[in-house]
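A short worksheet on the structure shown next.
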Amino acid sequence: MTSMSIQRGFLLAAALSLTLGTALAQHGDKAQKRRQEIDANAQRALDELFASQPDAKDLFGKATGYAVFTATKAGFIVSGGGGTGVVVNKATGKHTYMHMGMGGIGLGIGAQRYTLVIMFENEARLTKFVTGGWDSSATAEAAAGKEGVAVRSSFINGVAFFQLTDKGLMAHADVTGTRFWVDDDLNK
């Protein structure tokens, strides 16, 4: 091997390392921006919920953790949708970024964008949710409306649900047929 071919080999290796390093850094920056966007959306949703329903803030104070998902649901006889969000353990401060997907059959037509806030009464319910052991067939009534009907101020089976739309807090948060799973890319 000549010294010229050794130099070319080193230059090629250096160029590949630089390219790979730049690509990894850009992916990391993109993931960090997405995490920040999800966290900001979650905080806005909590602020909106607490402003419209002070009892929700008291319930939040009792919660071990919470999840906030921004989702879109659409359908014509068959419905489906999905979104992304974050689960926060209040004791540890750990953020777990997750996806949600839903599907079902119904008589609705159209699309709706909404935010789902879930509060967890204890560590076991929070952990079960994050690890995929949560039963999504459960439904819960958030019991509120734009006119200010009182929010149910207790947990139901260890969780409390609130669904926010552009019309305010919905009277019924339905998570039937919804699946939640960890976003591997955003949790690296």
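Every value quoted in this text rests on a predicted model; they were computed, and no experiment measured them.
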Pair listing, ring pair (Phe, Tyr, Trp, His ring centres under 6.0 Å) test, anchored in residues 43-63, at least two apart: Phe50-Phe60, Phe60-Tyr66
Asn89 and Glu123 side chains, donor-acceptor separation under 3.5 Å: yes
Residues Asn41 and Arg44: side-chain donor-acceptor under 3.5 angstrom: yes
If I compare all heavy atoms of [X] with all of [Y], which pair ends up nearest, and what's the gap?
X	Y	value
Ala45	Leu164	O-CD1, 3.5 Å
Leu126	Gly65	CD1-CA, 3.7 Å
Ala71	Met100	CB-SD, 3.8 Å
Glu48	Thr165	OE2-O, 4.0 Å

Gap separating the NZ atom of Lys30 from the CG atom of Asp185, nearest 0.5 angstrom: 10.0 Å
Reported OG1-to-CZ distance for the pair Thr64 and Arg125, which is rounded to 0.5 angstrom: 11.5 Å
Between Phe120 and Phe155, ring centroids under 6.0 Å: no
If we only count heavy atoms from C-beta on, is the [X] to [Y] side-chain gap below 4.5 Å?
X	Y	value
Thr178	Leu116	no
Met98	Phe129	yes
Lys94	Val87	no
Thr84	Thr70	no
Met119	Val159	no
Lys62	Asn122	no

side-chain contact (heavy atoms from CB on, under 4.5 Å) against Asn187, all qualifying residues, sequence neighbours excluded: Thr96, Tyr97, Val182, Asp183
Sequence-distant partners of Glu37, salt bridge (Lys or Arg N to Asp or Glu O under 4.0 Å), two or more places apart: Arg34
Test log, rule side chain to side chain contact (heavy atoms under 4.5 Å, CB included), inputs Gln163 and Thr115: CA-CA 6 Å; Gln163 184 173 323; Thr115 302; over 6 Å; no
Qualifying residues under side chain to side chain donor-acceptor pair (under 3.5 Å), relative to Asp47, sequence neighbours excluded: Gln43
Test item: Ser52 side-chain N/O and Leu49 main-chain N/O as donor-acceptor pair under 3.5 Å: yes
Heavy-atom donor-acceptor pair, Arg35 side chain to Val86 backbone, under 3.5 Å: no
Steps toward side chain to side chain contact (heavy atoms under 4.5 Å, CB included) verdict (Phe180, Phe69): CA-CA 10 Å; Phe180 299 88; Phe69 290 88; 3.5 Å; yes
